[in-house]
Protein chains: 2
Amino acid sequence: MNSATGRRAAPRTKRDGGAHALRPRLPTETRQRIIVAEAVRFFAEAGFEGQTRVLAKRLGITHSLLYRHFAGKDDLIERVYREVYLGRWRPEWERLLSDRSRPLEARLKSFYRAYTDAIFNLEWVRIFIFAGLKGVDINTRYLALIERHVLRPVCRELRVEAGLPDPDELPVAPEELELAWGLHGRIFSLAIRKWVYGVPMPRQFVATIDTSVHAFLHGAARSLASGAIAIGRR
Amino acid sequence: MNSATGRRAAPRTKRDGGAHALRPRLPTETRQRIIVAEAVRFFAEAGFEGQTRVLAKRLGITHSLLYRHFAGKDDLIERVYREVYLGRWRPEWERLLSDRSRPLEARLKSFYRAYTDAIFNLEWVRIFIFAGLKGVDINTRYLALIERHVLRPVCRELRVEAGLPDPDELPVAPEELELAWGLHGRIFSLAIRKWVYGVPMPRQFVATIDTSVHAFLHGAARSLASGAIAIGRR
DNA sequence: GTTCTTAATGACCAATTGGTCACATTGTGG
DNA sequence: CCACAATGTGACCAATTGGTCATTAAGAAC
C-alpha cells in the first residue's frame with residue numbers, strides 16, 4: 001500500500017497503466033461538464049479541502065483523469081466558482097424592483113421570492129460561505145453586485161415612497177444603505193441557518209419572506225419617511 | 001528532506017532529540033492555557049484544517065510539544081470549542097430582556113449591545129461558522145440556547161406589549177418565533193459581513209443595532225399586535 | 001481492416017501532515 | 001549537590017494528497 005516507503009532503487013520497469021474494462025469514452029467537453037457539475041456538489045459539501053481522489057471516486061473515474069481535464073485543483077475550483085456565480089444573476093430582477101406600476105411591497109416580495117428561488121440551495125450558499133472564509137474575492141465582488149443592483153435600487157424606491165429627493169440629487173447615505181442591508185441580511189440568514197447550521201427552514205418559507213418585506217417597509221423604511229433617519233444632514 | 005522515501009532499513013541508531021538553548025519551561029497548566037489561547041486565534045483564521053505545525057511555530061514551540069499536552073488535534077479543537085463557547089453566556093442578559101420596569105425597546109437595545117459586545121469578534125464568529133460547515137453539534141446546541149434564552153423571552157415580551165396571552169397559556173407559534181429570529185439574524189448578519197466576507201461594519205455600529213431594534217418593534221412586532229400574524233388560530 | 005488521435009488508466013512521485021518516541025535539559029526537593 | 005520528575009526537542013513514521021507520466025485501447029477517419 002505505502003509504496004512511498006519502499007525501496008527507492010526499484011527497477012522501474014514497464015508501467016502498465018491503461019484503460020481496461022468497458023468505460024465510457026466521452027468527448028472532452030461532455031466530460032468536463034460532468035466533472036464540474038459533480039465538483040460543485042462535492043466542494044459544497046466537503047469544502048475546498050475535499051480530496052480530488054474522493055471527487056474522482058464519486059464520478060466513477062480515476063483522479064488522474066481530473067488532471068487531464070483541468071490544470072490543477074485550483075483550476076477546477078475556479079471553474080466551480082464560475083459555474084455557480086456567473087450568469088446566475090437575472091437582469092430582469094432589477095427591472096422587477098423598479099417597476100413603479102406595482103406597489104413597492106409587491107415588487108420586493110416578488111424579487112425576494114425569485115432571488116431566493118435561484119440561490120437558496122446547498123451549492124450556492126455553502127460555496128459562498130466557504131469562499132468567504134477562505135478569503136477569495138468572489139464574495140466582495142458579488143456583494144458589490146448586490147449593492148449596485150439590489151440595495152441601491154431599493155434605496156431609490158424608498159426615497160420615492162417617502163417623497164424624498166432621488167439619489168441622483170442627494171446621494172444615498174450609509175444609514176439608508178444599511179436599512180436595505182438589513183432586509184437582505186435577514187433573508188439570507190434563513191439560508192445560513194439551513195445550510196451552515198443545519199437547522200430546518202421555517203415551513204412557511206414564502207410567508208416568512210413576505211412578512212420580512214412587510215416588516216421592513218413598516219419598520220425600517222418608515223424611519224426614513226418619519227425623519228428618524230435624517231437624510232441630507234450629512 | 002523527504003525521509004519517507006529513503007531506505008527503510010536505516011540503522012536507526014541514537015536519535016538525538018533533546019532540548020537545547022534557553023527556552024522557557026512552563027508548568028503544564030500555564031503552557032496549556034497559552035496553547036489554547038493561540039489555537040483559538042489560529043483555527044479562527046485558518047480553519048480546522050490549519051496544520052498543527054504552523055500553530056506550533058506561532059507559539060514558538062515544536063509541534064510535538066502540542067501532542068504532549070493534548071491527546072490529538074481533535075482534543076485540541078475540542079478545547080478550543082469549550083474556550084470560545086462555554087461560559088460566554090451571561091445569565092443577566094436574560095434578566096435584562098425581562099425587566100418590565102423598562103420599555104421593551106430599551107431592553108432590546110441594551111441586550112443586543114451587550115450580546116454583540118461579547119460575541120462580535122473574529123474568533124467567536126469564524127469558529128462558529130467553521131463548526132457549522134463542518135457539521136459539529138456546537139451550532140445546534142448554541143442555537144437551542146439562543147431560542148430558549150433570547151427568542152422565546154422576546155416572544156413573551158411581545159405578547160405582553162400586544163396585550164395577548166402569555167406563552168404559558170397559548171404556546172408561541174412558529175411564526176412568532178420566526179419574527180424574533182428575524183431580528184437576531186439581521187444583527188448576526190453584520191458579523192458575517194465583517195468576519196466571513198471581509199467587508200467593514202457600518203461605522204455607526206451601535207446606531208445600526210438601535211435602528212434594527214426600533215424597526216423590529218415597529219415593523220415585525222407590530223404585525224403581531226395588528227393581527228396580521230394570527231395567534232391562537234393554529 | 002488499418003491507422004491514428006486521444007480519453008482513460010494505474011503506478012509512481014514528493015511534499016504534507018497528524019502522530020510517536022528516545023533522549024536531552026531544567027529546576028526542585030531531600 | 002544529587003536524584004528525579006517533568007518539560008521540551010528533533011528525528012522518524014506512515015497515511016494523505018496534489019500532481020505526473022508511460023501505456024492502453026476506444027472509435028473516428030480512411
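Lettering of chains follows the sequences in order, A, B, ..., and the numbering in each one begins at 1. For the numbers below, each heavy atom of this structure counts, side chains included, while hydrogens, waters and symmetry mates do not.
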task: Would you tell me if any nitrogen or oxygen in the side chain of B:Tyr67 comes within less than 4.0 Å of OP1 or OP2 on C:dG19?
output: yes
task: Sequence neighbours left out, what passes ring-ring contact (aromatic ring centres under 6.0 Å, His included) with A:His63? Give chain and number order.
output: A:Tyr67
- request: Determine, using ring centers only, whether A:Tyr81 and A:Phe43 are less than 6.0 Å apart.
  value: no
query: Any Lys/Arg nitrogen of B:Glu178 or A:Arg193 sitting under 4.0 Å from an Asp/Glu carboxylate oxygen of the other?
result: yes
query: How many Å lie between NE2 on A:His63 and C1' on D:dG18, as a whole number?
result: 7 Å
field: Phosphate-side-chain proximity, B:His69 and D:dG8, N/O vs OP1/OP2 below 4.0 Å
entry: yes
statement: note: B:Lys73, atom NZ; C:dT20, atom C1'; distance rounded to Å ~ 17 Å
message: My understanding is that only one of A:Gln204, A:Lys109, A:Arg113 makes a side chain to side chain donor-acceptor pair (under 3.5 Å) with A:Asp210; could you say which?
response: A:Arg113
B:Glu92, CD: over 12 other non-hydrogen atoms inside 6.0 angstrom: yes
statement: Note: for A:Thr62 and A:Arg53 on DNA chain C, the residue whose nearest nucleotide lies more 5' is A:Thr62
message: Looking only at the side chain of B:Ser64 (C-beta and beyond, no hydrogens), which of the listed nucleotides D:dA6, D:dC21, D:dG10 gets closest?
response: D:dG10
Phosphate-side-chain proximity, B:Arg31 and D:dG8, N/O vs OP1/OP2 below 4.0 Å: yes
Rounded interatomic separation in angstrom, taking CG from A:Leu55 and P from D:dT16: 18 Å
- request: State whether B:Thr52 places a side-chain N or O below 4.0 Å from either non-bridging phosphate oxygen (OP1 or OP2) of C:dG18.
  value: yes
statement: A:Phe70 CZ to D:dG18 P, in whole Å, measures 15 Å
- request: Look at the side chain of A:Arg68 and the base of C:dA8, then say whether one donor and one acceptor between them are separated by less than 3.5 Å.
  value: yes
field: Interatomic distance where CG belongs to A:Asp74 and C1' belongs to D:dG18 [whole Å]
entry: 10 Å
query: Rounded to whole angstroms, how far apart are NZ on B:Lys57 and C1' on D:dT9?
result: 15 Å
query: Taking the side chain of A:Leu65 as heavy atoms from C-beta outward, which of C:dA8, D:dG18, D:dT9 is closest to it?
result: C:dA8
task: For B:Thr28 and for A:Glu49, find the nucleotide of DNA chain D with the closest heavy atom, then tell me which residue's nucleotide is more 5'.
output: B:Thr28
message: Nearest whole Å is fine: how far is C:dA8 C1' from A:Leu26 CG?
response: 10 Å
- prompt: A:Ile61 CD1 to C:dG10 C1': how many Å, rounded?
  reply: 14 Å
